[in-house]
Amino acid sequence: MIKGQNRVLGKLASGAPLDEILLLLVQNVEKIRPGSKCSIMLLDREKKHLFYCVAPGLPAYYIRKTDGIEIGFGAASFGTAAYMKKRVTTDNVIEHPYWTEYRDLAAEAGFKACWSEPLISSSGEVLGVFSMYYGEVHRPEKEDLDFMKTNAQLAAIAVEHKLAEETLRESEHKFRTIFNNINDHLYIREPEGESYMDVNQAVVSRLGYEKEEILKMEAEEIIPAEYWASVRENLKKIQSEGSRVYEAGAVCKDGTVVPLEVSARIIDYEGKKTILSVARDITERKKAEAAQRLNEARLEALVKLNRMTGASLKEITDFAREEAVRLTSSKLGYLAFMDAYETSLIMHSWSKSAMEECAIEDKRFIYPVKTTGLWGEAIRQRKPIITNDYTAPSSLKKGYPKDHVHLTRHMNVPVFDGERIVAVSGVGNKNEPYDESDLRQLTLLMQGMWQLIQRKQLEDALKAYSEDLSKANDELRSLNRIKAEFMVESLPQIKVDYGDLMDFDTLETIEDQQQKAIDAVINSSERLKQMVDSLLYLSLEQAGKIEYSFGDVEIKKVLSDVYLNLVLLIDEKELKVEKELSASLPPIRGDKRKLTDLFTTLMGHAIRFTPHGGTVEVKAKEEEENIHITVKDSGTGIQKRLIPHLFHRIYQVDDSLTRRYQGLESGFYICKNIVNAHEGEIWAESEEGSGTTMHVRLPKKKPDTRSMNRIEA
């Protein structure tokens with residue numbers, strides 16, 4: 001018996017399968033107790049049914065009938081023993097009530113006695129049942145009971161050991177399944193160890209190494225150098241405090257760094273005191289934080305730019321250019337302005353970084369749009385252009401000049417004033433691709449810069465007009481003072497005629513100069529008033545507060561009202577106004593007040609530039625879909641090169657930033673806006689010496705289709 005038990009224990013120690021171990025045990029019992037047939041049944045996980053593990057001597061039909069028996073009182077000897085957790089011996093199964101249901105089956109198998117001993121674990125739980133069958137009625141002796149108990153205990157040891165192994169395997173499998181399927185990075189290392197003991201699949205997938213590579217590397221080969229001191233300090237605190245949360249990073253195989261938020265604590269792992277670090281990839285969070293900081297910086301830059309009202313043009317443009325580079329994370333940037341005809345770019349300035357890198361001695365400053373390379377596409381296409389692979393072949397590229405700044409990425413945006421491109425700003429060589437956020441920032445910054453430049457130049461224009469008015473007033477006051485002083489010195493203390501004291505030519509000269517000074521004051525006052533009115537309109541336009549009230553409008557009535565408004569100016573200059581208005585002009589859909597302002601401005605300019613005694617012609621005729629109105633003066637005309645710019649808010653007359661506010665000063669810019677709001681057209685025709693004709697074409701009122709349908713019906 002001892003030798004048999006030792007063989008069983010040897011099998012157990014060697015890691016043999018459970019059924020092989022228990023079969024050896026049963027065979028050993030049957031050998032020692034001739035005439036017996038043994039079986040070992042195991043209880044299922046629910047602790048409700050018994051299933052055969054080994055039963056070499058039992059008939060197959062008997063096994064089929066009793067396999068899976070539900071334990072309970074009276075469920076044969078083995079079912080009752082498992083249920084009651086104690087030994088059950090049946091000397092005669094044919095007569096015993098426990099076997100009522102299985103009496104015939106036992107008789108068929110030739111079994112007359114059955115002894116059953118439960119397999120009890122070290123914790124007192126039933127694992128199964130060890131049973132011995134005999135072919136005759138047989139009462140067990142004490143020696144039999146001890147023998148059966150010893151073998152049942154040995155079987156219980158084997159079962160419990162294998163269950164523990166299975167539980168351990170399942171636990172290990174679950175652990176590995178969870179360990180390798182957690183999205184966070186898991187690192188296990190000894191507190192003083194230089195390498196990691198284990199890492200999960202998330203670490204392998206994210207860092208790009210094989211697991212074996214990581215386990216052979218020192219931890220500090222994976223941790224970026226800038227985190228070494230912090231990680232060492234935190235490891236010490238983990239040992240003293242038990243846990244710690246801190247930020248670190250991991251170096252990928254391709255050299256990139258993954259930012260991590262690490263939650264580390266002391267655990268027992270494989271019987272050792274270790275540190276488990278659960279590291280969460282916070283790349284997206286860092287990006288969001290960086291984006292938030294960038295947005296705050298961008299907003300701050302726009303606010304700061306808006307406050308630079310007292311700065312010089314150079315300070316404004318330098319600030320906008322350098323902020324464009326910084327806030328798009330670029331390496332270089334530039335700013336260029338368009339000429340009046342949008343045919344050439346005049347380079348205004350490069351960023352400091354670009355100037356340091358560029359080694360070209362004779363730098364170009366004027367770039368014709370037609371022959372400019374890829375970076376000129378923003379002008380030609382009249383929209384922002386992003387080129388995230390500037391090194392890629394392109395038919396639009398014109399090549400690099402020697403020692404020019406090398407570009408890897410590039411983005412530039414056109415700066416618009418209404419429909420005109422007035423400037424182009426670009427940035428380049430960002431480490432990452434440019435995106436819509438960069439594009440939006442550069443556009444907002446440059447539009448803000450342009451509005452500030454406009455505001456400053458408008459202020460300068462107002463200042464100049466105010467100075468003109470002040471000079472005219474000073475001149476008028478000076479002439480009045482000269483005349484008064486002359487009178488005081490020459491006038492005796494008696495009443496005399498001024499004409500007797502001053503010769504006619506002197507008096508006439510002073511009066512002529514006075515009249516000229518008065519005219520200058522009036523002219524400057526009118527220009528200043530018109531400029532202020534235009535600026536007020538511009539402010540309302542930028543704030544989106546220009547509102548239109550559309551209704552049926554008779555153009556003849558509008559033109560008549562405008563004539564009455566200007567009749568005093570017409571009479572003063574003794575002008576001849578020739579009107580040619582069709583008798584049956586159809587109505588248009590428009591804003592009467594705005595249209596009155598439109599034609600008052602056009603006729604006012606015609607009157608202003610027509611010489612004394614000249615002629616102003618006003619005509620209106622019906623066309624197929626429009627009403628065509630013309631206002632012609634007989635003045636000196638307009639230079640041909642200025643005609644395309646009459647309706648711009650500002651225009652440039654040379655290649656510098658010096659610009660004249662023709663559209664605002666004359667009101668033509670406002671006229672164009674009014675015409676655009678009515679979906680019409682406005683243009684000018686002029687020749688020097690032959691006067692100017694202003695054309696306005698407004699669409700006729702469209703018929704009411706609902707009324708037409710009712711008429712047809």
Side-chain angles (χ1 to χ4, degrees), residues 526-527 529-531 533-534 536-538 540-541 546-573 575-610 614-623 625-635 637-638 643 646-649 662-686 691-701:
E526 288 178 350
R527 290 177 66 195
K529 179 182 179 300
Q530 192 160 18
M531 190 66 173
D533 289 344
S534 295
L536 179 59
Y537 176 89
L538 182 61
L540 292 173
E541 178 190 43
I546 302 295
E547 297 181 354
Y548 284 81
S549 178
F550 287 92
D552 291 352
V553 177
E554 299 288 343
I555 284 296
K556 283 182 66 174
K557 181 66 169 63
V558 170
L559 295 175
S560 297
D561 291 345
V562 169
Y563 175 79
L564 292 176
N565 291 340
L566 299 173
V567 70
L568 294 178
L569 292 177
I570 295 170
D571 291 344
E572 183 181 347
K573 295 187 73 171
L575 301 179
K576 180 181 179 182
V577 178
E578 296 181 355
K579 292 185 287 187
E580 188 177 318
L581 309 177
S582 298
S584 57
L585 288 175
I588 68 166
R589 181 165 178 76
D591 184 316
K592 184 177 180 181
R593 183 175 176 181
K594 296 290 194 305
L595 291 173
T596 301
D597 292 342
L598 163 68
F599 291 110
T600 298
T601 299
L602 297 182
M603 289 183 66
H605 274 279
I607 293 168
R608 177 181 172 186
F609 290 103
T610 298
T615 302
V616 174
E617 296 180 5
V618 180
K619 297 181 180 180
K621 64 179 180 179
E622 182 180 359
E623 296 179 346
E625 296 181 355
N626 306 287
I627 295 178
H628 188 174
I629 305 99
T630 58
V631 178
K632 181 179 180 182
D633 64 57
S634 55
I638 303 172
I643 292 177
L646 287 178
F647 303 102
H648 296 156
R649 187 159 53 195
Q662 179 65 36
L664 283 177
E665 183 181 344
S666 64
F668 289 154
Y669 168 77
I670 300 173
C671 291
K672 182 172 178 59
N673 279 9
I674 294 173
V675 172
N676 287 344
H678 287 78
E679 300 180 353
E681 299 174 85
I682 184 170
W683 71 96
E685 293 178 350
S686 182
T692 300
T693 303
M694 304 300 295
H695 294 261
V696 176
R697 183 176 283 140
L698 299 171
K700 293 188 291 188
K701 178 187 174 183

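Quick note: numbers below take in every heavy atom, side chains included, and nothing from hydrogens, waters or symmetry partners.
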So if I apply the side-chain contact (heavy atoms from CB on, under 4.5 Å) rule between Phe599 and each of Leu559, Asn565, Val618, which one comes out positive?
Leu559

Pairwise side-chain contact, [X] with [Y], heavy-atom cut-off 4.5 Å (strictly under):
X      : Y      : value
Thr630 : Glu685 : no
Glu617 : Glu580 : no
Val616 : Ile570 : no
Ile555 : Ile629 : yes
His678 : Asp591 : yes
Thr692 : Phe609 : no
Thr601 : Ile674 : no
Val558 : Lys592 : yes

Distance from [X] atom [atom1] to [Y] atom [atom2], nearest 0.5 Å?
X      : Y      : atom1 : atom2 : answer
Glu681 : His695 : CD    : NE2   : 11.5 Å
Asp633 : Thr693 : CG    : OG1   : 7.5 Å
Glu554 : Leu595 : CD    : CG    : 12.0 Å
Phe668 : Met694 : CZ    : CE    : 4.5 Å
Lys573 : Leu566 : NZ    : CG    : 12.0 Å

Closest contact, heavy atoms only, [X] versus [Y]:
X      : Y      : result
Asn626 : Pro699 : OD1-CA, 3.4 Å
Lys556 : Leu585 : CG-CD1, 3.6 Å
Ser686 : Gly637 : OG-CA, 3.3 Å
Thr610 : Ser634 : CG2-OG, 3.3 Å
Tyr548 : Asn673 : OH-O, 3.8 Å
Pro586 : Ile627 : O-CD1, 3.1 Å

So for atom CD, which belongs to Glu622, do other residues, nucleotides or ligands contribute more than 12 heavy atoms lying within a distance under 6.0 Å?
yes

Can any side-chain N or O of Lys700 pair as donor or acceptor with the backbone N or O of Glu623 at less than 3.5 Å?
yes

Check: Lys701 side chain, Val553 main-chain N or O, donor-acceptor pair, under 3.5 Å
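No.
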
Carboxylate-amine/guanidinium proximity below 4.0 Å for Lys632 and Glu578:
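Salt bridge flag = no for Glu578 with Lys632.
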
Quick one: do His605 and Val631 satisfy side-chain contact (heavy atoms from CB on, under 4.5 Å)? Show the steps, please.
CA-CA 10 Å; His605 274 279; Val631 178; over 6 Å; no

